[in-house]
Amino acid sequence: MSDTLPEVRGRLVPDRALSDLTWLRVGGPADLFFQPADLADLQAFLAALPPGRAVFPMGVGSNLIVRDGGIRAVVIRLGRGFNGISVEGTRVTAGAAVLDAHVAKRAAAAGVDLTFLRTIPGSIGGAVRMNAGCYGTYVADRLVEVRVVTRDGRLETLSPGDLRLAYRQSELPEGWVIVEAVFEGPEGDAAELEARMSAQLARRDETQPTKDRTAGSTFRNPAGFSSTGREDDSHELKAWKVIDEAGLRGATLGGAQMSPKHSNFLVNTGDATAADLEGLGEDVRKKVFQHSGIELHWEIMRVGEPALP
């Protein structure tokens, strides 16, 4: 295998375990794991990689279940060469590896309102890929353009329209890697923006199991939109609400649990496998449908192969 692989300046590791790279701390190994040194390294690698070799771009693993058998692909994880942030006027350019919270804080300090990103777990690449949103604002509302490296190593610039952003989804060809995003936000007072983010964090910590091993929201809201945070926000078609009504708050399977604090959060209580977590999620989907006729759809991305029996 090694003689068909391109030379790199970054790290290229075979059979790299992925469990320590996901927030849920589960998952088998990647066939190959690549951390490019910079943009040129990534482009050269993808251009030289045999076309039939599958590629899976991985962020910081915040909204991901890697199955116990691992991933039969080259997993690409961006690092230091892709973590810059710059602000010009009301435009903020962020590398795909930058944490969403860091972008929100840097923007706020410059008087630009991207505060919706502050409580979203993960990195900018994943936020764009999933059209992440919070408090009624989505990436699609603030995104100007993204730069991507195609599967054959070309650098391209895409508009939000090219990505066909919708609730918790986008369209990006297999193996394309988001490397940078440009946002534009409203002007705001830096102190007021910081105070708003502090209030958002306090609200999140009160209502979500932030000290547990989770991967953010497990299922998309059936209503098709995020919580707005407003007093008149309706909870009738929120995922946590229909899970509660089916009596599944705190439900368990092996080491997996639906959080007693927020029933739309899957928790690894300490020794869960990916099969436990995904199995519990599927049980919840089945029982919610039986109870209410509502079909929940996964927000957590599940990838890879189950463990061999």
Side-chain angles (χ1 to χ4, degrees), residues 36 39 42-43 46-47 54-64 73-78 81-88 90-104 107 112-186 215-217 219-221 223-227 297-303:
L39 178 60
L42 174 62
Q43 287 185 264
L46 287 174
V55 168
F56 177 73
M58 177 180 177
V60 293
S62 62
N63 197 232
L64 185 67
V74 180
V75 171
I76 296 178
R77 191 172 196 251
L78 305 183
F82 302 85
N83 63 357
I85 306 174
S86 63
V87 183
E88 294 185 16
T90 56
R91 287 204 169 184
V92 179
T93 300
V98 181
L99 294 179
D100 303 329
H102 291 174
V103 175
V112 181
D113 184 359
L114 294 178
T115 53
F116 79 100
L117 289 170
R118 180 64 182 90
T119 59
I120 296 175
S123 58
I124 287 297
V128 172
R129 185 73 178 84
M130 293 295 292
N131 189 23
C134 196
Y135 303 119
T137 301
Y138 299 85
V139 163
D141 299 320
R142 300 288 182 256
L143 187 65
V144 176
E145 63 186 24
V146 295
R147 283 182 265 285
V148 301
V149 176
T150 66
R151 176 59 183 80
D152 58 1
R154 290 174 291 113
L155 182 64
E156 292 197 1
T157 299
L158 304 179
S159 70
D162 294 327
L163 294 172
R164 299 184 183 276
L165 297 169
Y167 177 60
R168 295 296 186 266
Q169 61 185 330
S170 64
E171 293 184 14
L172 194 68
E174 289 290 323
W176 288 30
V177 183
I178 296 169
V179 294
E180 190 175 71
V182 181
F183 301 90
E184 184 149 12
S217 296
F219 302 107
R220 303 174 187 176
N221 286 326
F225 55 82
S226 299
S227 299
H297 295 278
W298 285 89
E299 183 168 328
I300 292 176
M301 182 180 291
R302 294 150 298 129
V303 298

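The first residue of the sequence shown is numbered 1, and numbering continues consecutively from there.
Pairing each heavy atom of Thr137 with each of Phe116, the nearest pair is O-CD1, 3.5 Å. In terms of heavy-atom proximity, Glu156 sits nearest to Trp176 at OE1-CH2, 3.9 Å. Shortest non-hydrogen contact noted between Ala215 and Leu64 is CB-N, 4.1 Å. Taking both residues in full, the closest heavy atoms of Ser123 and Gly59 are given as OG-CA, 4.0 Å, listed atom of the first, atom of the second, then distance. Taking both residues in full, the closest heavy atoms of Arg220 and Arg168 are given as NH2-O, 3.7 Å, listed atom of the first, atom of the second, then distance. Shortest non-hydrogen contact noted between Leu39 and Leu155 is CD2-CD2, 4.0 Å.
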Would you list the atom pairs, donor with acceptor, under 3.5 Å between side chains in residues 90-100 and any protein atom, with sequence neighbours excluded?
unit_1 : atom_1 : unit_2 : atom_2 : d
Thr90  : OG1    : Glu184 : OE2    : 2.9
Arg91  : NE     : Glu184 : OE1    : 3.1
Asp100 : OD1    : Ile124 : N      : 3.2

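For Asp152, the salt bridge (charged side-chain N to carboxylate O under 4.0 Å, His left out) test picks out Arg154, with sequence neighbours left out. Not counting sequence neighbours, Asn131 has no partner by the side-chain hydrogen bond (donor to acceptor under 3.5 Å, both in side chains) test.
At a threshold of 4.5 Å between non-hydrogen side-chain atoms, the residues Arg147 and Val182 count as touching. Put simply, the side chain of Leu172 reaches to within 4.5 Å of the side chain of Leu158, judged on heavy atoms. For the pair Asp162/Glu171, no side-chain contact is recorded, criterion being any heavy-atom separation below 4.5 Å from C-beta on. In this structure, Thr150 and Pro173 have side chains that are not in contact, with every pair of non-hydrogen atoms separated by 4.5 Å or more.
Atom CZ of Arg129 and atom CG of Leu165 lie 10.0 Å apart (nearest 0.5 Å). Distance check, rounded to the nearest 0.5 Å: NE2 of His102 to CG of Leu117 gives 12.5 Å.
Under a cut-off of 6.0 angstrom, the local environment of CZ in Arg164 is sparse, with at most 12 non-hydrogen atoms contributed by other residues, nucleotides or ligands.
Tyr167 and Tyr138 have perpendicular rings, their planes meeting at more than 60° on a 0 to 90° scale where under 30° would count as parallel.
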